[in-house]
Amino acid sequence: DGCGHTVLGPESGTLASINYPQTSPNSTVCEWEIRVKPGQQVQLKFGDFDIDDSDSCHSSYLRVHNGIGPTRTEIGKYCGFDFQMDGLIISKSNEVTVQFMSGTHISGRGFLVAYSTTDKSDLITCLDNASHFSEPEFNKYCPAGCVIPFADISGTIPHGYRDSSSLCMAGVHAGVVSNTLGGQINVVISKGIPYYEGSLANNVTSKVGPLSTSLFTFKTSGCYGTLGMESGVIPDSQITASSILEWSDQTGQVNIWKPENARLKRAGPPWAAFISDEHQWLQIDLNKEKRITGIITTGSTLAEYYYYVSAYRILYSDDGQKWTVYREPGVDKDKIFQGNTELYQEVRNNFIPPIIARFFRINPLKWHQKIAMKVELLGCQFSIGRAPKITMPPPPQNKNDNKNDDFSDDFIHSVKTSLQTDKTTFTPDIKNTTVTPSVTKDVALAAVLVPVLVMVFTTLILILVCAWHWRNRKKKSEGTYDLPYWDRAGWWKGMKQFLPTKSAEHEETPVRYSSSEISHLRPREVPTMLQTESAEYAQPLVGGIVGTLHQRSTFKPEEGKEASYADLDPYNSPIQEVYHAYAEPLPITGPEYATPIIMDMSSHPSTPLGVPSISTFKAAGNQAPPLVGTYNKLLSRTDSTSSAQALYDTPKGQPGPGAAAEMVYQVPQSVAHSTGSKDE
């Protein structure tokens, strides 16, 4: 009467004292007999040990023996509070007896111990959690029987489990190990999340958990995808049932809860059986053999119809005629799966080992009010078919042919159902029969390298094309022998506005034009010359008064020929030179530009729009420009070509034309006044 939680698997298991982790009752005893396959040994690992040692292990103790029965020999006798058992206890044979005695005591939790065969070198107990290990990734072996009522887990897949959760119990919840068989887990530690969801899966309830510094997840084979109920890959014609609920509501509307309604997460009513008994079933045809690793179920999902299935069996078939009930390996009774506890929550159950079949049938055994459910199947493609039979070597031709045939049949049967593992010589690794590990790595490497190389070559080609295109555009815009764009006059036109005004000591002689050369040019040649030689000559700084008075600049002549413009020669120069159509190039030592004069014309009469006016510039030095000597000549030419008389004005504050030595600026104006008004 002293036995507590006990699961004895073929290769591993878990034992605990009665009432663990609470104090065990006085005067109780329990004895466990453990057997594994012949030729193997048993190892025991304590997860917790707390037995009263007040009487030096006389009445309360734990004793381990080699063997079973009267011929057994003692390995050790143990007691003590918070006793730390370093290492493992290893038997000498494949049989071990564990005996627990509880005498008169006041405290003591008892013990919890895990066992396995000695080939499981990384055995852990059901109480170990992720915080006990410092590695970011590790492999451990979980014993059978780790679904224990005194351990908690928080989280779910794929988000992960809180680091305080039991590793093995979380592995059962995730569907990576079986509670009745145990198994290997591959754990990955990562950063924690603020909130952990709760769910029900594989008869394990995961609770909602708060923030933690780290979490853990499991590496799996990846065969946990949906098989097409929710997405519609499985057509309605391949979903059938034993009966269909059909009824009329108070308004007279007929409601039919057909089998095709049994699609998870689909809005609307579920499938429901017309009669609620243990002979009802929902059948799904997958169209070909597939590897089925799990199932998810819900109830009706309609608040006004509180229907759900709380327990069911699973049957499968290759032809839809002969059905096999799912059983766990080494167990001689049908496995009953826990269903829903209410109509909304999704409950997951996994098949370890997976089912390989085409036809899948759910047989409800318990329900609430009526049989109604929605489902989804988990798994992946099973493309190898019956590959194990093909890869087997041919049997030798001798008198033992019948025995070899029997072995081959048993081997194929074990791959299909995995119910009798003791009849097979080994368990085939299905994952490695399709593609060898080296090929898998090469395929994954090629899948990464090929897109990267394509992107690199595409980028290089685009760069070369863009560079070639840019070079051609540059040649077209600048020309083969043209100046670079930063040396053109257009650039200086914009920059000259920011240059300071020339000082007086750097100014040179007035800029002169040859009107005769302009007159010889055809209209189309003038803009051509202006364009090709514009960088050699200074450009005027345009003042606001010039636009208002329509004065003609001395820098760039207009196209065509104005009246009396070509005949005017306001400058008397003894040197005969050929002048350009633009301003004369500036000396190297002098300022780079001519400085325009901004004049205050407020006291002078407006110039007619049709008559051009000529502005002059300040001469170098402090002397006035030698324009007085040409006064009569300019005046006579003006009088001979126009009915109007030319009048020379002086800047404000200066004396009249008589004071030639003091005159600095002179501006010719054509005004319609008499000679007498000029004298005034």
Side-chain angles (χ1 to χ4, degrees), residues 6-13 144-147 172-173 175-183 200-205 227 240-243 262 271 273 275-286 289-299 308-341 347-368 371-373 375-379 409-410 412-424 427:
T6 302
V7 175
L8 302 179
E11 294 184 342
S12 63
C146 279
V147 178
V172 174
H173 182 272
V176 296
V177 293
S178 169
N179 185 55
T180 58
L181 297 175
L200 176 60
N202 299 306
N203 204 24
V204 178
T205 300
L227 292 182
T240 56
S242 57
S243 63
W271 164 74
I275 302 173
S276 294
D277 58 23
E278 295 183 357
H279 302 290
Q280 305 301 312
W281 46 263
L282 175 69
Q283 180 176 312
I284 302 171
D285 179 8
L286 299 174
E289 282 189 345
K290 292 190 178 179
R291 191 179 186 188
I292 308 169
T293 58
I295 181 174
I296 302 175
T297 62
T298 63
Y308 59 86
V309 174
S310 57
Y312 56 88
R313 294 188 306 169
I314 295 298
L315 297 88
Y316 57 93
S317 173
D318 290 336
D319 55 7
Q321 302 296 325
K322 297 179 181 179
W323 295 89
T324 302
V325 181
Y326 182 82
R327 294 181 179 181
E328 291 181 308
V331 180
D332 58 355
K333 60 180 181 180
D334 302 343
K335 179 174 176 61
I336 307 301
F337 293 90
Q338 179 184 358
N340 296 86
T341 58
V347 176
R348 174 173 46 83
N349 282 287
N350 292 94
F351 309 125
I352 303 175
I355 298 172
I356 299 173
R358 171 181 172 178
F359 296 93
F360 186 88
R361 182 175 286 186
I362 306 167
N363 174 213
L365 299 178
K366 295 182 180 180
W367 55 88
H368 184 266
I371 295 176
M373 64 190 316
V375 302
E376 177 63 279
L377 299 182
L378 306 177
D409 293 339
D410 291 341
I412 299 302
H413 182 69
S414 66
V415 175
K416 293 290 294 179
T417 62
S418 300
L419 297 179
Q420 301 294 333
T421 56
D422 56 343
K423 293 182 181 180
T424 62
T427 301

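Nothing here was measured: the structure is a model prediction, and the numbers come from that model.
Side-chain atoms of Asn203 never come within 3.5 Å of backbone atoms of Gln338 as a donor-acceptor pair (strictly under, hydrogens ignored). Side chain of Asn179 to backbone of Cys146: a donor-acceptor contact under 3.5 angstrom is found. Judged by distance alone, with hydrogens and angles left aside, the side-chain atoms of Asn363 form no donor-acceptor pair with the main-chain N or O of Arg313 at under 3.5 Å. With Arg348 contributing its side chain and Ala201 its backbone, the two residues share no donor-acceptor pair below 3.5 Å. The closest donor-acceptor contact from the side chain of Ser317 to the backbone of Lys322 lies under 3.5 Å. The backbone N or O of Thr293 sits less than 3.5 Å from a side-chain atom of Asn350, completing a donor-acceptor pair.
In terms of heavy-atom proximity, Ile352 sits nearest to Val176 at CD1-C, 4.0 Å. Closest of all the heavy-atom pairs between Leu282 and Ala241 is CD1-CB, 4.2 Å. Taking each heavy atom of Trp323 and Arg361 in turn, the nearest pair found is CZ2-NH2, 3.4 Å. Closest of all the heavy-atom pairs between Gly379 and Leu227 is C-CD2, 3.7 Å. The shortest non-hydrogen separation linking Arg327 to Lys333 is CG-O, 3.3 Å. Scanning all heavy atoms of the two residues, the minimum distance from Asn202 to His173 falls at ND2-O, 3.3 Å.
With sequence neighbours left out, Gln280 forms a side chain to side chain contact (heavy atoms under 4.5 Å, CB included) with Ser242, Ser243, Ala273, Ile275, Asp277, Ile371. By the ring pair (Phe, Tyr, Trp, His ring centres under 6.0 Å) test, Phe337 pairs with Tyr312, Tyr326, Phe351, sequence neighbours left out.
Expressed to the nearest 0.5 Å, how far CG of Leu200 lies from OG1 of Thr341 amounts to 6.0 Å. Expressed to the nearest 0.5 Å, how far CZ of Phe360 lies from CG of Leu315 amounts to 9.0 Å. Taking OG1 of Thr240 as the start and CD of Gln283 as the end, the distance is 4.0 Å to the nearest 0.5 Å. Between atom OG of residue Ser276 and atom NE2 of residue His368 there is a gap of 12.0 Å, rounded to the nearest 0.5 Å. Annotation: the span from Ile295 atom CD1 to Met373 atom CE amounts to 5.5 Å, rounded to 0.5 Å. Atom CG of Leu378 is separated from atom CZ of Arg291 by 13.0 Å, given to the nearest 0.5 angstrom.
When Leu286, Ile356, Val325, Thr324 are each tested for a side chain to side chain contact (heavy atoms under 4.5 Å, CB included) with Tyr316, only one passes: Thr324.
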With side-chain contact (heavy atoms from CB on, under 4.5 Å) as the test, would you mind laying out the steps for Ile314 and Ile362 before giving the verdict? CA-CA 5 Å; Ile314 295 298; Ile362 306 167; 4.1 Å; yes

I would like to know whether Thr297 and Val309 meet side-chain contact (heavy atoms from CB on, under 4.5 Å); could you show each step before the answer? CA-CA 9 Å; Thr297 62; Val309 174; over 6 Å; no

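Between Glu289 and Asp318, the closest side-chain pair of non-hydrogen atoms falls below 4.5 Å. The shortest distance between side-chain heavy atoms of Val7 and Thr180 does not fall below 4.5 Å.
In Lys366, the NZ atom is not crowded: 12 or fewer heavy atoms of neighbouring residues, nucleotides or ligands sit closer than 6.0 Å.
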